[in-house]
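Below is one structure, written out as structure tokens, with a few remarks after it.
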Amino acid sequence: EAAVGLAIGGLKALGGAISDGIADARENAKIQAQTAAVIKSTGNAAGVTAEHVADMASALSDAAGKSLFGDDQIQQSANLLLTFTNIRGAALDAATAVSVDMAQALGGAPKDSAIQLGKALNDPIKGITALTRVGVTFTDEQKDMIRALQETGDMAGAQQVILDELNKEFGGSAAAAAAADGGWAQFTARMGEAKEAIGTAI
């Protein structure tokens, strides 16, 4: 009787894991579809592939031991940043990483910081006001430099001034939290990814 009970319990647990995996796979498919859609709708202004965005999110995730956020959460942030057509290539990667650090330091999810961050990087002269609302401070010298770079057409240079300041204030927050967690989030995330892989296969 005890063996039967254990077998039934095991089957229920397996069924629950499969159900969770299917739900996770469906959610991931929606996020992947959104990435592809925004790349298409913006004419791929960022100059990246959907696969690159997914890989970047995975590399910054809890499963990679780099943060306490799942790859889906990080890719949602990247998807929002992709809608700002002046954020391209390496700037997109850097902005996505900064959004993860800001989320850890300020609370919330990476996508919560993505709109202010996107506005700031898309039009640095006007956009830095959005970041000052969440406590980021820029010196007059930095503001002058941002203005001068953008007005001479060096958008990447203006964006880099902003990214440097954000990294000075928030850089390393996500990795530090992951290290302090002792690997538990990484373990549970990898278990979740295994369930998602099963769900995807089904």
Side-chain angles (χ1 to χ4, degrees), residues 17-104 106 108-124 126-127 130-131 155-156 158-160 162-163 166-167 170 174-175 178 185-186 188-202:
I18 291 172
S19 178
D20 289 348
I22 291 172
D24 289 346
R26 284 178 173 167
E27 183 61 27
N28 180 261
K30 290 176 187 175
I31 292 168
Q32 299 295 343
Q34 178 59 28
T35 302
V38 73
I39 287 174
K40 183 178 179 181
S41 68
T42 58
N44 195 11
V48 297
T49 64
E51 182 180 10
H52 171 84
V53 175
D55 288 346
M56 173 180 57
S58 180
L60 294 168
S61 72
D62 47 7
K66 299 299 183 183
S67 74
L68 298 179
F69 300 102
D71 55 354
D72 285 355
Q73 290 177 293
I74 297 168
Q75 192 163 341
Q76 286 174 331
S77 177
N79 286 348
L80 286 171
L81 290 166
L82 280 166
T83 66
F84 295 94
T85 55
N86 284 331
I87 304 175
R88 301 169 182 166
L92 176 72
D93 292 3
T96 303
V98 165
S99 76
V100 178
D101 283 325
M102 289 178 71
Q104 183 60 51
L106 301 173
K111 68 177 183 178
D112 297 334
S113 300
I115 296 298
Q116 293 106 324
L117 187 53
K119 286 180 179 177
L121 295 174
N122 200 56
D123 186 351
K126 294 179 181 177
L131 291 176
M155 183 66 78
Q159 291 171 339
Q160 193 59 52
I162 294 171
L163 290 167
L166 290 170
N167 276 310
F170 303 109
Q186 186 175 18
T188 56
R190 287 183 174 175
M191 293 294 288
E193 288 192 348
K195 287 194 293 183
E196 186 179 306
I198 292 170
T200 301
I202 291 173

Could you give the side-chain donor-acceptor pairs of residues 34-41 under 3.5 Å, partners two or more places apart or in another chain?
{"residue": "Thr35", "atom": "OG1", "partner": "Ile31", "partner atom": "O", "Å": "3.1"}
{"residue": "Thr35", "atom": "OG1", "partner": "Gln75", "partner atom": "NE2", "Å": "2.8"}
{"residue": "Thr35", "atom": "OG1", "partner": "Asn79", "partner atom": "OD1", "Å": "2.5"}
{"residue": "Thr35", "atom": "OG1", "partner": "Asn79", "partner atom": "ND2", "Å": "3.3"}
{"residue": "Ser41", "atom": "OG", "partner": "Ala37", "partner atom": "O", "Å": "3.3"}
{"residue": "Ser41", "atom": "OG", "partner": "Val38", "partner atom": "O", "Å": "3.2"}

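A side-chain donor-acceptor contact under 3.5 Å links Gln159 to the backbone of Leu121. Listed for the Ser58 side chain is no donor-acceptor partner under 3.5 Å among the backbone atoms of Asp71. The closest donor-acceptor contact from the side chain of Thr96 to the backbone of Leu92 lies under 3.5 Å. For Asn122 (side chain) and Lys119 (main-chain N/O), no donor-acceptor pair under 3.5 Å exists by modelled atom type.
Counting heavy atoms from C-beta on, the side chains of Ile115 and Leu80 come closer than 4.5 Å. Between Phe170 and Gln104, every side-chain heavy-atom pair lies at or beyond the 4.5 Å cut-off. No side-chain heavy atom of Gln160 sits under 4.5 Å from any side-chain heavy atom of Ile162. Taking the side chain as every heavy atom from C-beta outward, Leu106 and Asp112 never approach each other to under 4.5 Å.
Here the CE atom belonging to Met56 is positioned 5.0 Å from the NE2 atom belonging to His52, to the nearest 0.5 angstrom. In this structure, CD on Glu27 lies 11.0 Å from CD on Gln32, to the nearest 0.5 angstrom. Distance check, rounded to the nearest 0.5 Å: CG of Asn44 to CZ of Arg88 gives 10.5 Å. Remark: Asp72 CG to Lys111 NZ distance equals 11.0 Å, nearest 0.5 Å.
In terms of heavy atoms, Phe84 sits closest to Ala114 at CE1-O, 4.3 Å. Summarising the geometry of Gly70 relative to Asp62, their closest heavy-atom pair is CA-OD1, 3.5 Å, with the distance given to 0.1 Å. Here the closest heavy-atom approach between residue Thr42 and residue Leu82 is recorded as CG2-O, 3.8 Å. Annotation for Ala64 and Ala59: closest pair CB-O, 3.6 Å, computed over non-hydrogen atoms. Residues Ser113 and Met102 come closest through the heavy atom pair OG-CB, 3.6 Å. Closest approach of Gly108 to Phe69, counting heavy atoms only: O-CE2, 3.5 Å.
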Ile74 vs Lys66, test: side-chain contact (heavy atoms from CB on, under 4.5 Å). Steps then yes/no.
CA-CA 12 Å; Ile74 297 168; Lys66 299 299 183 183; over 6 Å; no
